[in-house]
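I have placed the structure first, in the form of structure tokens, so that the comments after it can refer back to it.
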Amino acid sequence: MKTEAPVARIDEIGKHEGQTVELRGWLYNLRESGKLLFPQFRDGSGVIQGVVPKNQAPQAFEALKGLTQESSVIVRGKVRADKRAPGGYELDVSDVQVVQKVPEDDPYPISLKEHGVDFLMEHRHLWLRTPRQAAILRIRAEIIKAVRDFFDSRGFVLTDPPILTPAACEGTTTLFEVDYFEEQAFLTQSGQLYIEATAMALGKVYSFGPTFRAEKSKTRRHLTEFWMVEPEMAFAELDDIMNLAEGLLTNIVGRVLEKRRRELELIGRDVAQLEKIAAPFPRITYDEAVQILHKGHAEGKLDTKFVWGGDFGSPDETYISAQFDRPVMVHRYPAEVKAFYMEPDPQDPKLALCVDVLAPEGYGEIIGGSQRIASYGLLLQRIHEHNLPEAAFKWYLDLRKYGGNPHGGFGMGIERAVAWICGLEHVRETIPFPRMLHRLYP
RNA sequence: UCCUCAGUAGCUCAAUGGCAGAGCAUCCGGCUGUUAACCGGAGGGUUGUAGGUUCGAGUCCUACCUGAGGAGCCA
């Protein structure tokens with residue numbers, strides 16, 4: 001096979017109209033019509049249909065006839081604009097080199113027909129090749145890039161907290177236990193406590209990394225291993241934190257609409273829903289949210305009447321967020337249902353200076369944040385009230401002894417953000433290899 | 001941990017307690033513009049596992065296994 005032809009990418013194939021190019025990829029599908037073949041090639045950037053008449057390209061015809069789905073190939077052909085082609089361009093194939101043929105007696109398991117969830121999850125390593133899954137992963141990458149650009153351009157420094165930790169961060173959820181040279185250790189459930197320390201060193205910081213929860217949660221919103229971005233700011237109060245969360249979300253939605261509109265359309269996302277996402281986001285207090293739930297109950301839209309003082313359940317969050325067309329910020333929850341490190345509201349110490357951001361369309365909580373306790377004495381008292389081991393938190397208390405100040409931040413679950421922006425039914429499709437209660441393979 | 005549902009060909013599914021079937025995939029044949037191509041033919045089964053009821057169980061009963069959806073908890 002001659003090698004002068006430039007290697008082209010399918011997503012930029014229009015640049016090569018009229019040229020002979022080389023494509024390196026996989027046979028996505030093959031339609032046969034007698035002495036005419038219509039192979040569809042996939043190269044990771046897109047899919048293009050080729051045309052192979054037997055009498056014009058006998059070598060390519062013989063190489064492709066009967067070739068199995070997902071066989072790897074190097075093909076050469078001339079790019080031609082064609083209105084009949086889904087992408088606007090077709091390839092008049094002249095040469096084909098089969099790099100590896102998928103065996104006929106053990107064909108590629110994922111056909112173009114429908115498959116069940118269990119089968120697809122068992123073949124996740126291959127499922128990723130389908131255009132829909134590839135588009136979701138591209139959007140995920142764009143969201144992560146937007147997050148990092150957002151913080152990097154605003155003076156935040158990326159500081160990576162440890163993944164192995166000696167104690168629970170918040171003392172609430174179940175953690176994965178690890179044998180650390182015969183000492184007990186855990187996989188982190190949040191880097192927050194550590195980035196409070198780096199924030200005192202660098203002013204504005206963020207972390208982006210995996211977190212682990214051993215909860216036996218079994219819903220469309222849960223993974224046992226997920227990625228979280230956590231900004232933390234010294235000398236910041238609750239309003240600063242809410243402004244930051246609002247800025248982050250409008251920024252990443254805007255970026256995805258700008259750069260990944262084609263992928264959003266490919267997966268069938270209603271883009272109009274995302275175009276509504278603009279500041280200001282509604283900000284309501286916990287008390288106001290409870291009023292909304294009570295009104296909903298009175299109108300028969302909620303089964304049970306919410307009792308003030310508890311945390312919102314999943315149906316409650318869905319109902320509250322359904323009242324708005326953009327993310328809603330619910331702030332000042334009862335301190336009792338929140339983490340030990342949250343600063344009490346000076347106006348009403350029963351409340352914590354915290355905020356949850358609920359995504360629209362029923363996606364629930366994607367961000368949780370708070371102002372942290374600045375006082376050494378109060379923090380020590382909270383650690384005792386929550387029966388946490390004081391010795392393990394000595395370093396954390398030091399942050400209040402040596403230059404304590406009002407500070408805070410939030411955590412955003414990347415997979416939940418991706419699920420919302422993509423309009424997915426389940427977070428399992430937002431990460432290449434999801435880890436769930438019953439899923440450790442592949 | 002609790003509640004609900006499901007498990008039949010490689011995949012997606014059908015089969016009133018009475019001969020285990022279809023589409024896709026694979027193989028063989030046909031078709032020069034196919035769009036999850038189409039048309040004809042072939043091969044492909046321990047009906048999740050174990051027990052029970054029955055003349056007879058994919059179907060009914062019990063237990064278990066596996067998975068899905070939800071609750072709680074959370075991002």
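Throughout, a chain's letter reflects where its sequence line sits, starting with A, and its residues are numbered from 1.
- Using a 4.0 Å heavy-atom criterion, one finds that A/Gln49 contacts the bases of the nucleic acid, with or without backbone contacts as well.
- Separation of atoms CZ (A/Arg283) and CD (A/Glu288) is listed at 13.0 Å; rounding is to 0.5 Å.
- The residue A/Gly364 sits apart from the nucleic acid: no heavy atom pair falls under 4.0 Å.
- You cannot call A/Phe38 stacked on the base of B/rG33; the centres under 5.5 Å and planes under 30° rule is not satisfied.
- Considering only the side chain of A/Lys113, B/rC24 comes nearest among B/rC24, B/rA75, B/rG33.
- A/Phe186 and A/Phe212 have their aromatic ring centers separated by at least 6.0 angstrom.
- Rounded to the nearest Å, the gap between the P atom of B/rU54 and that of B/rU47 is 22 Å.
- Nucleotides B/rC5 and B/rC61 are separated by 12 Å at their P atoms, to the nearest Å.
- Under 4.0 angstrom from either OP1 or OP2 of B/rG33 there lies no side-chain N or O belonging to A/Ser33.
- Nucleic acid contact class of A/Ser314 (heavy atoms, under 4.0 Å, all strands): sugar-phosphate only.
- Nearest to the side-chain atoms of A/Asp118 among the listed nucleotides B/rU32, B/rG67, B/rA71 stands B/rG67.
- Contact annotation for A/Glu114: base contact, defined as any heavy-atom pair under 4.0 Å involving a base atom.
- Across all strands, A/His123 comes closer than 4.0 Å to no nucleic acid atom at all (heavy-atom distances).
- Residues A/His386 and A/Lys338 approach most closely at NE2-O, 4.3 Å, considering heavy atoms.
- Using a 4.0 Å heavy-atom criterion, one finds that A/Leu223 contacts the bases of the nucleic acid, with or without backbone contacts as well.
- By the 6.0 Å and 45° rule, A/Arg154 stacks over the aromatic ring of A/Phe150.
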Would you write out the dot-bracket form of RNA chain B, 5' to 3', with Watson-Crick and G-U pairs under 3.5 Å, [ ] for crossing pairs, | for pairs to other strands and . for unpaired bases? (((((((..((((....[..)))).(((((.......))))).....(((((..]....))))))))))))....

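- For A/Arg428 and B/rG69, the shortest distance from a side-chain N or O to OP1 or OP2 is below 4.0 Å.
- Contacts of A/Glu415 with the nucleic acid, taken as non-hydrogen atoms under 4.0 Å apart, are absent.
- Within the nucleic acid shown, A/Lys218 comes within 4.0 Å of at least one base atom, counting heavy atoms only.
- For A/Glu104, counting side-chain heavy atoms from C-beta on, the closest listed nucleotide (B/rC74, B/rA68, B/rU26) is B/rU26.
- Taking 4.0 angstrom as the limit, A/His115 places none of its side-chain polar atoms (N or O) nearer than this to OP1 or OP2 of B/rC11.
- If you check every strand for non-hydrogen atoms under 4.0 Å, A/Asp105 touches nothing.
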